[in-house]
Amino acid sequence: MKVTESIVFFARFVARTIQQQHMKKQVGNVERRRLRNLLKSLFTRKREAAPSVDVREENSGIMASIRKLKESQQKLVRLVGYDSSLLVPAFSYLIGGALFKSIIPHFYSACISCVAAGDVNRGKLLLALGGLGLSSVLEALFTGLRGALFWIAGSRANYNVRVKLHRNLLLQEAAFFDMNETGFLMSRLNNDVNKIGQVISYHVNVVLRQLAQFIFGSVFLMRIEPKLAMVAFAGICIIALVSMLYGDFSRVLAEKVQELFAVSSALAETSFSMSETVRAFDGVPTETKKYEGSQYDALQLEEVQAWAYGSHKFISDTMQAALQCLLLFCCWKIGRMGALTAAQLTSFMFYTNFVLESSNEVGDQWAKIQGAVGASTNVFDLISRTPEVNDPESIRNLLLEVQGVYDVINNPNSDNVVIKMKDMTVQYSTMERAALSNINLEFVENDRVAIVGRSGSGKTSMLRAILRFYDPTTGSCSLEGQSLKEMTRSEIASKIVVVEQEPHLFPMTLLDNVLYGIEKDCFDEETGEERYSEEYREAVIEALSLAGMPITGENNDLKLSLDTRVGDGGRTLSGGQRQRVAIARALVRYPSVLLLDEPTAALDSKSEKLVVEALNTATERTRCMLMVTHRLGVVRSLGVNKVVVLEQGEIVEMGHPEDLLRSGGVYSQLAAEQGIRSLGVDATDTNGQERNLSKPYL
Ligand SMILES: Nc1ncnc2c1ncn2[C@@H]1O[C@H](COP(=O)(O)OP(=O)(O)OP(=O)(O)O)[C@@H](O)[C@H]1O
């Protein structure tokens, strides 16, 4: 029985092993195919992207590499904004260090000759030893200084490029962020910029040093034996050619690897930011698979990079060794003819090695620089990208002021108009149908407007157009008589404040959140940091109190203070509390326009009551309030006097809410679905607004 069990067990084991081997083979085949496709796509895409023959010729080969490197260097120098106080000493130490390093073999070979020949002249040996010691110390000193300065240069490059990139990314239009995920941009900001710093602090530093050493070494070689030196240079040129070809290949691969890392980091960022949804829907395997897939692609290409490096190293080292043998053979022949002394031959071989090592290092670093050039291309493109929605130029501002004066003279009533949309169409580039079509609207002083409509009708798009997150495709949108296109971001932000459905707070104090965007006006001598003055602090205390979130007195249940930190996204506060902080943010600013985006949608009835009260207070401080909402109950509680009903991006109804309720149109239909009926009051009655406010929400 035991024997049969063992046989069955063994048979099962063999079967399982065969099955596993088969599966492994299949996976291996799939992986190989995947890698092949990856590489194929890499180079076919490169070919597809290649334009006409002439241009292709221009863009291929070593000259193109040099040109690309030159362009990148020029951009880099412009971007990092170095001044001579750093560059001049750095390069001086570099040249000094290289010079002393190239003198060392001279004294070294002199010492060896004295020792090998058993020279009795003590002075000669001491001179050689002294020269060796002095040049070694000076070389070490210059190397240290050069290393430190290039390190600083690399760090400054990182700092400057990163700050400029961060700023330019934040300046991009909203549509840019629809197309580029946060993680993708984060990868550009961190990984790619790091590569640039590394190139300057290390690779460029090494290449320049080796290049200088190569030049000084070559001078010594030429002095000793010009004909032999020419043979050495010919060999070095061939090795350099191989290195350059490898450098070109390395750049293409590095570009792709950085791209894959950026994709991968976008995936990670999304999965972290949606961690609760991932957990709730047991999405860990899905997210892991996606992340693993993108990392795996990068890993495969990195392995290709490693093999390419290994092959290059093998080829160039072998060629170098062959060249050394050839040179030794030539030295032997020349030595036999008595054309060179033993000391000269020793010196020549030292310098040959010296020059070969330098050229080898240049070849090695060249490939790494090329790799970093690949990574930096994307960074430069992002830094130089001009946003499609941007501030007007100063000259246009001037023209506009003239136009503004003209408008005021010709249209004296325009003062009263706060927001005006004229034939405004908003179309997202990724959508075929316009989100808003041919909108004509005017909101005047004291208007309290509700924009309603079914999901996807274009309500949020209207708010975005007013905030100038997107420019109208045709037509215009103006604020207080001035086209939004002619206003700077800071002008718009000083006049329009938005309270979102789920306001995002920064992981800072309550004070900093309420005053976000307002510059600190005092300097704290104790801490040496900037801070807000007492007036600002008092304004925030008042705003928080008016927003229904007092931080002083008995009603401060949560024991909050201005310096309480609210955590990431404001997670230490409830939805209603976050909403009230956002309202306080609006209250301190006294904006011309208050925009509300579903302000009470995420709240329970108790919080809603508090938030509505706070919103009414905030609305009193503005010229005009505009609200997007699905919950029509809030239309009454906020005393809305004008409702705009949208359907498929067009205005289908507009008027006083009570009129619309009675008219039996789309609005009354939407209201009926929520159990809201007409109050039966005369909507044209000027006191109607106050009466409605005292009514319950629904
Ligand atoms: N960033 C965007 N890129 C492309 N299309 C968009 C974008 N935002 C909205 N849209 C499209 O524009 C149309 C209007 O969307 P919008 O968000 O303005 O509607 P909404 O009335 O606010 O909807 P909801 O009430 O569901 O929030 C929709 O068809 C939507 O798919």
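Basis for what follows: all heavy atoms, side chains included, without hydrogens, waters or symmetry-related copies. Everything numeric in this text was worked out from a predicted model, so none of it was measured. Every number for a ligand or one of its atoms is a count from 1 in the order of the listing.
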Which residue holds the protein heavy atom closest to atom 26 (O) of ligand 1, what is that atom called, and what is the gap in Å?
S455 OG, 2.5 Å

For ligand 1, which atoms sit closer than 4.0 Å to a heavy atom of G458?
14 (C), 18 (O), 19 (O), 20 (P), 21 (O)

How close does the nearest protein non-hydrogen atom get to atom 23 (O) of ligand 1, and which residue and atom is it?
G456 N, 2.9 Å

Looking at E598 and R631, is any side-chain nitrogen of the basic one under 4.0 Å from a carboxylate oxygen of the acidic one?
no

Taking ring pair (Phe, Tyr, Trp, His ring centres under 6.0 Å) as the test, write out the residues that go with F272, two or more places apart.
none

Checking a contact table here: which protein heavy atom is nearest atom 16 (P) of ligand 1, and how many Å away?
S461 OG, 3.6 Å

Identify the closest protein heavy atom to atom 1 (N) of ligand 1: which residue and atom is it, and at what distance?
D178 OD2, 2.9 Å

Should S457 be listed as contacting ligand 1, given a heavy-atom distance under 4.0 Å as the test?
yes

Just by distance, with hydrogens left out, do N616 and R448 show a side-chain donor and acceptor under 3.5 Å apart?
yes

Q648 atom CD, neighbour heavy-atom count above 12 within 6.0 Å:
no

Would you say M431 and ligand 1 have an N/O pair spaced under 3.5 Å apart?
no

CD of E519: more than 12 outside heavy atoms within 6.0 angstrom?
no

Heavy-atom proximity to atom 7 (C) of ligand 1, best of F469, Y428, Y470
Y428

Show me, pair by pair, the donor-acceptor contacts under 3.5 angstrom made by side chains of residues 542-550, not counting sequence neighbours?
{"unit_1": "E542", "atom_1": "OE2", "unit_2": "R621", "atom_2": "NH2", "d": "3.2"}

Tell me whether A435 has any N or O atom under 3.5 angstrom from an N or O of ligand 1.
no

Under a heavy-atom criterion of less than 4.0 Å, does M462 contact ligand 1?
no

Atom 27 (O) of ligand 1: closest protein heavy atom, distance to 0.1 Å, is T460 OG1, 3.7 Å

Strictly below 4.0 Å, N to O, side chains only: are E173 and R385 in salt-bridge contact?
yes

Can R464 be said to touch ligand 1, with heavy atoms closer than 4.0 Å?
yes

Could you tell me how the ring of Y428 sits relative to the ring of Y470: parallel (under 30°), tilted (30 to 60°) or perpendicular (over 60°)?
perpendicular

What heavy-atom pair brings V652 and L646 nearest, and what distance separates the two atoms?
CG2-C, 4.3 Å

For ligand 1 and E598, I'd like to know whether there is a polar contact (N/O to N/O, distance under 3.5 Å).
no

